[in-house]
Asker: 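Can you read through this structure? Questions will come right after.
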Amino acid sequence: MALEVNNLEGNEVADDYIRKSVPQGRWSDTWGVFKSNFLKLILINVFVLITFAPGIALMFFRSAYIKTLGNVYPFNSSILFPYYTDVTGLAERLTLSADILFYATLFIAGFIASIGIAGATYSIRKLINTHGEFSIKGFFHGVKVNYFNTLLPVIVFLMFLYATFLIGDQMDYAKAMGGGAAGEITAYVFIIIATVLVGIFFAWVYAVGTTYKVKFTHLFKNSFVLCIGSILRTVFMAGFSLIPVWLFIIGGVVRIISYVIFIFIGFSFIIMCWTAFTQSVFDAFINPTLKAAEEEKKAARTQEEVVADEKQRARELLAAGKSELIARPIMPIASEAAVSNIGKNFTRKDISAVASGREKLNSDVVAYENAHKNDTVYVEYNRLFAEREKALSDEVDKKGKKKKKISAANLLK
C-alpha cells in the first residue's frame with residue numbers, strides 16, 4: 001500500500017485480556033457478541049449515561065432559561081407598541097447570549113462525559129475481542145488508560161460545535177434584523193463543513209488513541225492515513241453508528257423512541273459499531289504493513305544470517321521428516337489379545353496372569369526388533385538421516401575447507 005501506519009503492531013491497549021481470533025469475520029463476530037451480551041451492553045450504557053447527565057441537565061436548563069425569557073420579554077402579540085419599543089432581533093440576541101453562556105459550560109460536561117466514553121470504549125473492545133469478557137473493574141481500568149486519548153478529541157470537537165452554535169445564532173440575528181446576512185450564512189456553511197470533517201478525523205484519533213499506545217505525532221499521522229485510506233467506509237459507518245442521534249433530530253414521536261434507545265443501548269450501540277469498524281480497518285492496514293516490513297528485514301540480512309537461517313530451517317525439516325515409526329522395527333498388532341483383560345471382579349490369579357502377559361509382550365517386541373533391525377529398509381533409512389545430521393553439524397572438512405552449504409532446498413536431494 002502507498003499509505004502505511006507506524007508503531008501500531010504490538011502496542012495494543014489490552015492490559016488484562018488477549019484478543020481471540022474471529023474465524024467468521026469481524027462483523028459476524030460482532031453481531032454474535034451483541035446478541036449474546038445484550039445485558040452487559042445495557043450496563044455499560046448506564047455507566048455512560050451517568051457521565052452524560054451533567055451535559056443533559058445543561059441542555060435542559062438552557063431550554064428552560066430561554067423559555068423563561070420568552071415569558072418575561074414582550075414577544076407575544078397581546079403586548080404591542082406603544083407600550084414597548086421595537087423588539088426586532090431581541091429574541092435572537094437573547095438566544096445568542098444564552099448560548100454563549102450555556103454552551104461554554106459544555107466543555108466542563110465534556111470532561112465528565114469522557115470518563116464514561118473511555119471506560120465504555122475499553123470494555124466494549126474487550127467484549128468484542130474476547131467474545132464476552134466484561135467486569136466493572138475492567139471498565140474503570142479503561143478510564144485509567146484511555147481517558148486522555150478520549151478527552152482530546154471530545155474537547156476539540158466541542159470547540160468546533162460551540163463555534164457552529166454561535167455562528168448559527170449570529171446568522172439568525174442578522175436575518176432577523178433585515179440586513180445582509182450573506183457573510184453569516186457563508187460562515188455558517190463553512191463551519192458546519194469544518195465541524196463534520198474535524199469530527200470524522202478526530203473520531204479516528206479517538207479510535208487509534210484508545211486502541212494503541214503511540215506517540216502524539218504518530219497518533220495524528222496514523223489517524224490521517226487510516227481516515228483517508230477508508231474514507232468512503234468511514235463516512236458510511238459514521239452515519240450508521242449515529243442512528244440514535246438521527247432519530248433524536250427527526251423529532252416528534254421518533255424522538256421519544258430515541259430517548260428509550262439512549263437510556264438502554266444508544267451509547268453502547270454507537271461505540272460498538274465504531275469500534276468494530278475501526279478494528280476491521282486496523283486489521284486490513286496492519287497485516288500488509290507487517291508483511292512488507294518482514295520482507296524488507298529479510299532482504300537486509302547478512303550472508304551469515306541467511307546461512308544460519310537455512311541451516312535452522314533444514315534442521316526443522318530433518319526433525320519433522322525423521323519418524324521413529326519408520327526408523328526401527330515395530331512388531332505388528334496381533335489379531336488375538338496379547339494381554340488378557342480383567343473384569344470388574346478379579347482375583348490375585350487374574351492380576352498375575354496380566355503381569356505375565358505384559359512381560360511376554362515386551363519380550364516379543366524386543367525380540368522382533370532385534371530380528372529385523374538389520375533389514376535393508378531400516379538400515380538405509382537411518383543411514384540417510386545420519387548423513388544429513390552430520391552434514392548439518394560439520395562446518396569444515398578434514399582439510400579445513402568449507403563444505404557445500406546445506407539448505408532447506410538441497411537437504412532432501
Side-chain angles (χ1 to χ4, degrees), residues 13-14 16-17 26-60 106 108-147 149-151 153-155 157-158 161 199 202-203 206-207 209-211 237-251 253-280:
V13 181
D16 61 347
Y17 70 90
R26 176 65 56 188
W27 290 109
S28 176
D29 186 72
T30 302
W31 174 242
V33 172
F34 181 83
K35 292 188 297 181
S36 58
N37 297 274
F38 195 74
L39 293 179
K40 294 177 183 178
L41 292 172
I42 292 178
L43 180 59
I44 294 173
N45 193 81
V46 171
F47 284 140
V48 180
L49 185 61
I50 292 173
T51 60
F52 268 72
I56 296 171
L58 180 67
M59 301 303 295
F60 173 79
L106 268 181
I108 300 176
F111 277 84
I112 301 173
S114 296
I115 297 174
I117 298 174
T121 301
Y122 186 85
S123 297
I124 290 177
R125 179 169 283 109
K126 179 179 178 181
L127 204 67
I128 294 174
N129 290 338
T130 61
H131 302 173
E133 290 184 18
F134 169 76
S135 65
I136 304 299
K137 182 180 179 181
F139 180 91
F140 289 102
H141 178 72
V143 175
K144 177 182 177 182
V145 298
N146 284 340
Y147 180 73
N149 288 326
T150 301
L151 179 64
V154 167
I155 293 301
F157 178 72
L158 285 178
L161 194 63
F202 274 88
Y206 148 76
T210 56
T211 307
M237 284 307 304
F240 180 80
S241 301
L242 294 174
I243 286 178
V245 177
W246 307 138
L247 295 178
F248 177 82
I249 293 175
I250 291 174
V253 179
V254 178
R255 177 169 292 182
I256 298 175
I257 298 175
S258 71
Y259 287 148
V260 177
I261 293 175
F262 269 113
I263 291 173
F264 289 99
I265 199 69
F267 296 108
S268 295
F269 176 84
I270 294 172
I271 295 174
M272 190 170 198
C273 288
W274 188 249
T275 296
F277 163 67
T278 53
Q279 190 61 63
S280 67

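Computed from a predicted model, the values in this text were never measured in an experiment.
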Asker: Could you tell me whether a side-chain N or O of T51 sits under 3.5 Å from a main-chain N or O of V48, the two making a donor and an acceptor?
Answerer: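 Yes.
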Asker: How close do I112 and P54 get, counting heavy atoms only, and between which atoms?
Answerer: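 The answer is CD1-CG, 3.8 Å.
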Asker: Search all heavy atoms of G110 against all heavy atoms of S114 and return the closest pair with its distance.
Answerer: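 That would be O-OG, 2.8 Å.
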Asker: How about F134: does its CZ atom have over 12 heavy atoms from other parts shown lying under 6.0 Å from it?
Answerer: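 More than 12 heavy atoms, drawn from other residues, nucleotides or ligands, come within 6.0 Å of this atom.
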Asker: Is any side-chain heavy atom of Y206 closer than 4.5 Å to a side-chain heavy atom of I271?
Answerer: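 Result yes, sub-4.5 Å side-chain heavy-atom pair found.
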Asker: Is there a side-chain contact between I261 and F248 in this structure, where contact means two heavy atoms from C-beta onward sitting under 4.5 Å apart?
Answerer: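 The answer is no; the side chains never approach within 4.5 Å.
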Asker: Stepwise, does the side-chain contact (heavy atoms from CB on, under 4.5 Å) test hold for F140 with K144?
Answerer: CA-CA 6 Å; F140 289 102; K144 177 182 177 182; over 6 Å; no
Asker: Supply the atom-to-atom distance M272 CE to N37 CG, rounded to the nearest 0.5 angstrom.
Answerer: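 Reported value, rounded in 0.5 Å steps: 7.0 Å.
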Asker: Does the side-chain contact (heavy atoms from CB on, under 4.5 Å) test come out yes or no for F269 and F240, once each step is laid out?
Answerer: CA-CA 10 Å; F269 176 84; F240 180 80; 4.0 Å; yes
Asker: Might you point out which heavy atoms bring G199 and F157 nearest each other, and give the distance in Å?
Answerer: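 Closest approach of G199 to F157: CA-CD1, 3.7 Å.
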Asker: Taking all non-hydrogen atoms of both residues, which atom of N146 and which atom of G209 are closest, and how far apart?
Answerer: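 Heavy-atom minimum between the residues: OD1-O, 4.3 Å.
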Asker: For a 4.5 angstrom cut-off between non-hydrogen side-chain atoms, does V33 reach K40?
Answerer: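 Not touching, per the 4.5 Å side-chain cut-off.
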Asker: Working to the nearest 0.5 angstrom, can you tell me the gap between T121 OG1 and I44 CD1?
Answerer: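 Interatomic distance, T121 OG1 to I44 CD1, rounded to 0.5 Å: 9.5 Å.
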Asker: Kindly say whether F277 contributes a backbone atom to a donor-acceptor pair with the side chain of S280 at under 3.5 angstrom?
Answerer: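 Checked: pair present.
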Asker: Distance check, rounded to the nearest 0.5 Å: N45 atom CG versus S268 atom OG?
Answerer: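 Output value for this atom pair is 4.0 Å.
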Asker: Is any side-chain heavy atom of I155 less than 4.5 Å from a side-chain heavy atom of F111?
Answerer: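 Counting from C-beta outward, I155 and F111 do come under 4.5 Å.
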Asker: Within the structure provided, determine whether L43 and I136 are in side-chain contact (heavy-atom separation under 4.5 Å).
Answerer: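 Side chain of L43 against side chain of I136, heavy atoms only: contact under 4.5 Å found.
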Asker: First locate atom CD of Q279, then atom OG1 of T275, and finally report the distance between them rounded to the nearest 0.5 Å.
Answerer: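 Output value for this atom pair is 8.5 Å.
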Asker: Return the orientation label for the F38 and F34 ring planes: parallel under 30°, perpendicular over 60°, tilted otherwise.
Answerer: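 Taking F34 first and then F38, their aromatic rings stand perpendicular (interplane angle over 60°).
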Asker: Do H131 and S36 have side-chain heavy atoms sitting under 4.5 Å apart?
Answerer: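 With C-beta onward as the side chain, the pair stays apart.
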Asker: Please examine the side chains of T210 and V13, heavy atoms only from C-beta on, and report whether any two atoms are closer than 4.5 Å.
Answerer: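 No - every pair of side-chain heavy atoms lies 4.5 Å or more apart.
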Asker: Find the distance between OG (S123) and CG (L41) and round it off to the nearest 0.5 Å.
Answerer: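 So the OG of S123 and the CG of L41 are separated by 10.0 Å.
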Asker: Hey, does I108 have a side-chain heavy atom less than 4.5 Å from the side chain of L58?
Answerer: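 Side-chain contact under 4.5 Å: no.
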Asker: Between T150 and I117, what is the shortest heavy-atom contact and its length?
Answerer: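 Taking every non-hydrogen atom into account, CG2-CG2, 3.5 Å.
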Asker: Hey, what's the ring geometry for F267 with F262, parallel, tilted or perpendicular (30° and 60° as the breaks)?
Answerer: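 Judged by the thresholds at 30° and 60°, the geometry between F267 and F262 is tilted.
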Asker: Would you check, one step at a time, whether the test side-chain contact (heavy atoms from CB on, under 4.5 Å) holds for I115 with F47?
Answerer: CA-CA 9 Å; I115 297 174; F47 284 140; over 6 Å; no
Asker: Say you draw a straight line from CD1 of I263 to CD1 of I42; how long is it, rounded to the nearest 0.5 Å?
Answerer: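 Answer for the CD1-CD1 pair, I263 versus I42, is 11.5 Å.
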Asker: Taking the six-membered ring where the residue is Trp, are the ring centres of Y122 and F139 under 6.0 Å apart?
Answerer: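 No - the distance between ring centres of Y122 and F139 does not fall below the 6.0 Å cut-off.
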Asker: Measure across R125 and A207 and return the closest heavy-atom pair with its distance rounded to 0.1 Å.
Answerer: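 Nearest heavy atoms, R125 then A207: NH2-O, 4.2 Å.
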